[in-house]
Structure formats: C-alpha cells, structure tokens
Amino acid sequence: MAAHKPVEWVQAVINRFDEQLPVKVGQQNTHTRVSTEHNRECLINISKYKFSLVISGLTNILKNVNNMVRVCVCVSSCASLEVYRAKYSTGSQPKDCLRLDETMLVKQLLPEICHFIHTYREGHQHAAELRSSASGVLFSLSCNNFNAVFSRISTRLQELTVCSEDTVDVHDIELIQYINVDCAKLKKLLQETVLKFKALKKPAQLSVINSLEKAFWNWVENYPDEFTMLYQRPQTDMADCAERLFDLVDSFAESAKRKAAVWPLQIILLILCPNITQDLSRETVEDTKVNKKLFLENLRKALAGHGGSKQLTESAAIACVKLCKASTYINWEDHSVIFLLVQSIVVDLKALLFNPAKPFSRGAGSQNADVDLMIDCFVSCFRINPHNNQHFKVCLASSSPPTFHFVLVNSLHRIITNSPLDWWPKIDAVYCYSGELRTMFSESLGHVMRGCSTHAPLRMTPSLTFKEKMTSLKFKEKTTDLDTRSHKYLLLALVKLIHADPKLMLHNPAKQGQEIQSSTAELITGLVQLVPQTSMGECSQEAMEALLVLHQPETIELWNPDAPIETFWDIR
C-alpha cells in the first residue's frame, strides 16, 4: 500500500495520530501515550519524503483543535506542534517540496502557530507548555522561511504607523522575540524599526523595544561566533543602524518611567557599536555622542542608588546585568573597552542584587524575573572572574534568604550544562565549595524528610517551573508549609546538580580516607532515601538518575580515592 498508494498511506497515519490525541480520547494512559509517540516518530520520518502531505494534514488538525474548547486541547496541540518542530529543526530542504510549495505551506501554517502564541496566556492550565512548543515551531520555521515571518511583522508595523487608535494589537510585533536571528536578520529588523519607530503609538513602541532586546539574545546565544566577530571586525552598517535607533529611543524616553523601560535596550544598542563604546571612554566626545555618554553616567548613578527613583535603579540593574552577560561572549584577548565598562559597574551591581540584609525585589509580580536576573548576574560574574567569590560566600551562608540558595544552585547547574565558549571557566573552579554544598544538601534533606512525616504528601505541580513554584509560595502557604516546600524545591535543584556533575559533590581534597568515605556514604544514603518518595515524583526520578551517574566506574573511583573498591563494597 505504501508503494502504490502513498497519499492514502500518509493520510492513514495522520488520521491515526489525530484519533489518538487527548482531545479525542481524553486522559492518556501509558499504552496510548506510547502509541501516540510512535505515530509522531512515523510522521517525522515520513515528512522527509512526503513533506507537503504531512504538513497539510497537521495544519488541518491544528485548525480543528483551535475550534474546540476543552482542557486537553492544549496537550493535543503540543503533540502536533512538536511534530512540526522536530521536522523544521533539521534545517534541510524537504525532498518532495519545491521552495514555492514550501512557502505556500508555511503561509497556511503560520497563522495557526501565531494563534497559539497569541491566545494562550498566563493563567491557562497548559499556557506555558503550549507557548513554548509553538514558539519553538516558529523559531524552526524562521530558519528556512525568515522572509515569510518577517513579512508578517513588517506588514503589522506598517499598519500601526497609520493607526489612529490608542489601543493597538501588538501580537505580530511580539513574533520578533521568537524567531531565528543571525547577524544579517538582526540588521534587517533594526533597519525596519528605524524606519517606522517614530510613527508608532506608545504601546507599539514599547513592544518593539522589548521584542528587539529578546531578538538580540536569540542572535548572541545561537550565533555566538558572529557576535564575537563583531568585536574583532566591527560592522559600520550595523553600528550606524544601532546608533540611529539609540537616538530614536533616547528621544522617546522623556520621563523616568520611559527611561526605565528603554535602558535595557539602549545598553544593547551600544554593545552593537564597539567603536562608539571605545570613543565614550574618552574625556570629551563628539556632539553626536554626548547623549550616549550621559546615558552611561545616569546608569551608573542609578545603580549606586543616586538616580532618585527606585524604578530607575531597578532598570539600571537589568541593563548592567545584560552588559555583563554580553561581555562574556567577547574574548578577553580582544582587549575590548567593554571590559572596562563592566569593571566600573560590577561592584555596585553585586552589592544591589546580593545584599542579604535588603534582598532585591521589584514587587509581588516579579519574583520569577528577579530570580532570573540574579542567576544571569551570578553566572556572568563567574565567567568574567571565577576567583572573585564574594557573592558565592553570600549565597552559601545559612543566614542568607532562601532565594539566594536557589540562585546559587541553579547558577551552578547552568555553568555545568551551558558552556559552549572556549574561554568560559569550568565548574572545577568552584570545587572548593563542595563541603558547603553537601551541608546544604543534608540540611534540605532533613527538613524534607521531617516534613514528609508530619504533613500530607505535597504534590509537585508539573505545569509550573522551578522558580514559579518557589517564588509563588510566599503568598499561598502558611509558614510551616512554606518552609517544607522551599526545602523540597531546593533539594530538587541540588539533586539535579549531583546528576549534572557528581564530581562537584564528591570533591574532598582536605579530608582523609575514612572521612571521605563517610561523606560519600552520607550523600548516597540521602539519595537512596528520596527514591521511594513517590509523592515527590520529579525529585525521586532525579535521585535515581543521580545514583546511576554516581555508579559509573570513573565516578566510583572518587568515592574514596585511597580505597575505591573497599569503599564501594562497604557503601553498597
């Protein structure tokens, strides 16, 4: 049948995939989940040869899903979207699909993808999962079909330049933050913005400002070599475009509130102009550069608390973290003046973000963003100078707020799992803190086990991220429940840290053989205690994974380097 009737065969697989989605069968069991996953893999493989048929069929499924109103619609949509994402992430031209045909298919698909990004916002049960899946599809689509997505953004910008309404729909502008952007594409986005920014209404201008900032990071994180090259061979056209947009945004920022909104983008626009940044280090500058020098002066004042506005101080912190983060993508051997700029603000920045006596906070609705900002700052400071460890000690202190502990552990996990650049220091630079981390693990485990014995089982909600779980507790739980839950999520992060790099927790340079063996036994026993805790599903699973990693032959040798075999059998 597959050889003689390919259309019918492909349609049969699509129909089976559709029929087994949760929107049709309800809650999935293990059997139906495995079957759905099998059909998904089949569709991805078939799409290599019958791309047009598969994409057309899945687009129809998404259209039908969009018209249904049930909770499991989101789970169904995610399954369909992941098929798209897996296919488009290959970046290759489908064998059966001409460029013109693919463009037509993308035009049919794009509105459906945008629907999921625009429609499902915070508060919906599966909003985060669905938006993540849909934005991943859009990112993959834009790799091969950037012009189709850019055309949608450009058309909306043009419409908004002549719009007289105060309330405007900026959803299509927000697509900027989800697309694949290399150097040439970023330049194209900046040029388009320069042409139309002044004619936009304020909501549209703010949306462009926010979205361009995220587009910059998409570029830096996906094409770090291009960004590094920008500082070795500055591009005049990129710098010219960035400077013109800086001036437009600077004119827009006429009040403290607007300044706070645009400072993070302005620092990024200056980062895109290496030669201008070099000029700003001089005592006197050209008239066209005066506003840039004044911006940096105001940024430093606000960061030090002399800006006269809490809002400006917070915005200065965000902008300076972005400056520090961007500087880590530039090779220190290039001797860029940006490193001098970082040195001039990093002390005040760490004093603001890592002050246990006055924890940084932008209010009840910003806890997640605050944690993200602190993690970005922590990781960036480590990559800039791994031996400047004052903020390590602050975050490790038992007297510091719980948030500091969460930031520390998650930062270490990111350092381990995200290290693509040659000059970024490795995690072994902080092995000296292994003892303190083991103590943190033991204390958190003790709190959790005591909590499990005196409270009803506490379920971990899978739809929330780690930071959302942690930072939302403050407003929902009694003190005792908050304490128990806080330690649970810190413990989960620590177990993930062991899984990511067991050597970090096994490092014992100053101890003798028996002490090392006792320390290892305590660590492994703690993980074993977590395995049967079914009410802590994710933590239990991670504990099993961590134990497997600890039992790898090269890791067993670290249980006690003086007597690895004897230690292995004693602990076993």
Side-chain angles (χ1 to χ4, degrees), residues 180-187 190 212-243 246 264-282 289 292 296 299-300 318-350 373 375-392 411-431 501:
N180 178 281
V181 178
D182 59 17
C183 188
K185 293 171 183 175
L186 179 63
K187 201 182 306 177
L190 291 174
L212 280 176
E213 180 193 326
K214 290 181 171 62
F216 169 82
W217 292 113
N218 279 342
W219 172 48
V220 172
E221 290 168 3
N222 287 287
Y223 300 93
D225 292 343
E226 285 191 354
F227 180 66
T228 302
M229 186 59 66
L230 185 71
Y231 270 76
Q232 295 170 351
R233 299 174 186 171
Q235 296 188 23
T236 305
D237 51 349
M238 172 71 88
D240 178 62
C241 203
E243 183 180 13
F246 181 100
L265 177 63
Q266 284 186 290
I267 196 68
I268 284 170
L269 293 173
L270 278 187
I271 290 168
L272 290 172
C273 308
N275 291 337
I276 292 178
T277 309
Q278 183 78 36
D279 293 341
L280 295 179
S281 63
R282 301 189 178 97
K289 308 293 189 295
K292 284 96 179 166
L296 291 177
L299 201 65
R300 291 192 191 95
I318 296 168
C320 290
V321 168
K322 294 183 187 303
L323 173 65
C324 292
K325 183 178 177 180
S327 75
T328 66
Y329 288 83
I330 302 168
N331 195 329
W332 63 272
E333 292 180 352
D334 294 336
H335 304 293
S336 171
V337 73
I338 198 172
F339 296 118
L340 297 176
L341 191 55
V342 167
Q343 289 174 11
S344 72
I345 55 92
V346 72
V347 174
D348 285 336
L349 179 62
K350 289 195 288 187
L373 188 69
I375 291 173
D376 275 344
C377 183
F378 192 108
V379 174
S380 298
C381 288
F382 172 80
R383 289 172 178 166
I384 292 166
N385 185 355
H387 306 295
N388 186 345
N389 56 16
Q390 183 58 40
H391 54 295
F392 272 77
S411 297
L412 294 177
H413 190 271
R414 185 183 295 181
I415 290 166
I416 294 166
T417 58
N418 181 12
S419 186
L421 298 182
D422 294 339
W423 56 84
W424 283 356
K426 306 303 180 187
I427 193 64
D428 55 8
V430 295
Y431 276 3
D501 183 8

Look at the side chain of [X] and the backbone N and O of [Y], then say whether any donor-acceptor pair between them is shorter than 3.5 Å.
| X | Y | answer |
| --- | --- | --- |
| T277 | L270 | yes |
| S419 | I416 | no |
| S380 | C377 | no |

Between C381 and N388, does a side-chain contact (heavy atoms from CB on, under 4.5 Å) hold up when you go through it step by step? CA-CA 8 Å; C381 288; N388 186 345; over 6 Å; no

[X] vs [Y] side-chain heavy atoms within contact, under 4.5 Å:
| X | Y | answer |
| --- | --- | --- |
| L190 | L272 | yes |
| I338 | L323 | yes |
| K292 | Q266 | no |
| D376 | R414 | yes |
| D501 | T417 | no |
| L340 | S281 | no |
| Y329 | Y231 | no |
| N418 | W424 | yes |

If you look at every heavy atom in [X] and [Y], which pair is closest and at what distance?
| X | Y | result |
| --- | --- | --- |
| L299 | A319 | CD1-CB, 3.9 Å |
| C273 | E243 | SG-N, 4.1 Å |
| A326 | F227 | O-CE2, 3.4 Å |

Next on the checklist: Between K187 and D240, does any side-chain N to carboxylate O distance fall below 4.0 Å?
Outcome noted: no

Value for CG (L349) from SG (C320), rounded to nearest 0.5 Å, stands at 6.0 Å

In this structure, CD of Q278 is separated from CG of L341 (nearest 0.5 Å) by 11.5 Å

Side chain to side chain contact (heavy atoms under 4.5 Å, CB included) with F382: of L412, I415, T328, only one passes, and it is I415

Residue set satisfying side-chain contact (heavy atoms from CB on, under 4.5 Å) with N275, at least two apart, ordered chain then number -> P234

ask   = Would C183 and Q235 count as a side-chain contact (heavy atoms from CB on, under 4.5 Å) if you check the C-alpha gap in whole Å, the side-chain angles of each, and the deciding distance to 0.1 Å?
value = CA-CA 10 Å; C183 188; Q235 296 188 23; 3.5 Å; yes

**OP:** Report the C-alpha separation of I276 and F246 in whole Å, then their side-chain angles, then the decisive distance to 0.1 Å, and conclude whether the side-chain contact (heavy atoms from CB on, under 4.5 Å) test is met.
**Re:** CA-CA 12 Å; I276 292 178; F246 181 100; over 6 Å; no

Side chains of residues 212-219: which donor-acceptor pairs under 3.5 Å do they make with residues two or more places apart or in other chains?
{"from": "E213", "atom 1": "OE2", "to": "K322", "atom 2": "NZ", "distance (Å)": "2.7"}
{"from": "K214", "atom 1": "NZ", "to": "N210", "atom 2": "OD1", "distance (Å)": "3.0"}
{"from": "N218", "atom 1": "ND2", "to": "Q177", "atom 2": "O", "distance (Å)": "2.8"}
{"from": "N218", "atom 1": "ND2", "to": "I179", "atom 2": "O", "distance (Å)": "3.4"}
{"from": "W219", "atom 1": "NE1", "to": "E226", "atom 2": "OE1", "distance (Å)": "2.8"}

| message | Counting neighbours of CH2 on W423 that are heavy atoms of other residues, nucleotides or ligands and sit closer than 6.0 Å, is the number greater than 12? | response | yes

The single option from D182, N180, T228 that satisfies side chain to side chain donor-acceptor pair (under 3.5 Å) with Y223 is N180

I would like to know whether V321 and C324 meet side-chain contact (heavy atoms from CB on, under 4.5 Å); could you show each step before the answer?
CA-CA 5 Å; V321 168; C324 292; 5.7 Å; no

